[in-house]
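By convention here, the first residue in the shown sequence is residue 1. Note that this is a predicted model, so its numbers are computed, not measured.
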Amino acid sequence: MSVPQLTDAERDAALAELEGWTLRGDGKAIECTFEFDDFVQAFGFMTRVAILAQSQDHHPEWFNVYNRVEITLTTHDAGGLSQRDVTLAKAIDHLL
């Protein structure tokens, strides 16, 4: 099943609705860095994101060091950014 990639206009409109998320340099993903008080809070956030992502069958690329979690969202089946990424980013933001 093919997932459609967002057009430039759709991408720009979506980014305007997402606070803190930025377009990756190649334009094929969105990224956000989250900082917490400590590792336990960061890991708890990652656990909540993991459960959320699993329920959407759409999984982030991420990196964690101590209290910082960096998340990248892209849709490999679309060859770049899709509505699935925007939906997951909004849901992640609602966890905070």
query: Of all heavy-atom pairs between L23 and A29, which one has the smallest distance, and what is that distance?
result: CD1-O, 3.4 Å

Under the side-chain hydrogen bond (donor to acceptor under 3.5 Å, both in side chains) test, residues paired with E10 that sit two or more places apart: T7

- request: With sequence neighbours left out, write down each residue that passes side-chain contact (heavy atoms from CB on, under 4.5 Å) with Q5, or none if nothing qualifies.
  value: A78

E17: partners by salt bridge (Lys or Arg N to Asp or Glu O under 4.0 Å), with sequence neighbours left out: K90

- prompt: CD of E31 to OG1 of T22: how many Å apart, nearest 0.5 Å?
  reply: 5.5 Å

query: Looking only at heavy atoms, which two atoms of R84 and V3 are closest? And how far apart?
result: CD-CG1, 4.1 Å

Listed partners of T75 passing side-chain hydrogen bond (donor to acceptor under 3.5 Å, both in side chains), at least two apart: S82, D85

- prompt: Can you list every ring-ring contact (aromatic ring centres under 6.0 Å, His included) pair that touches residues 45-91, not counting sequence neighbours?
  reply: F34-F45, F36-F45

query: Quick one: side-chain contact (heavy atoms from CB on, under 4.5 Å) partners of D26, sequence neighbours excluded?
result: R24, K28

Donor-acceptor contact below 3.5 Å, side chain N64 vs main chain R68: yes

task: Would you kindly confirm whether L96 and M46 end up in one hydrophobic cluster when ILVMFWY residues are joined by side chain heavy atoms under 4.5 Å apart?
output: yes

Set of residues satisfying side-chain hydrogen bond (donor to acceptor under 3.5 Å, both in side chains) with respect to D57, sequence neighbours excluded: none

task: Go through the structure and list residues passing side-chain hydrogen bond (donor to acceptor under 3.5 Å, both in side chains) with D93, not counting sequence neighbours.
output: W21

Rounded distance (nearest 0.5 Å) linking atom CD of E35 with atom CG of N67: 5.5 Å

query: Does L18 belong to the same Ile/Leu/Val/Met/Phe/Trp/Tyr cluster as V49, with side-chain heavy atoms less than 4.5 Å apart forming each link?
result: yes

query: For the hydrophobic clusters of this structure (ILVMFWY residues joined by side-chain heavy atoms under 4.5 Å, transitively), does one cluster hold both L15 and L81?
result: yes

- line: Sorted by chain and number, sequence neighbours left out, side-chain contact (heavy atoms from CB on, under 4.5 Å) with A91 holds for L52, Q56

Closest non-hydrogen atom pair between P60 and I71, with its separation: CB-CG2, 3.8 Å

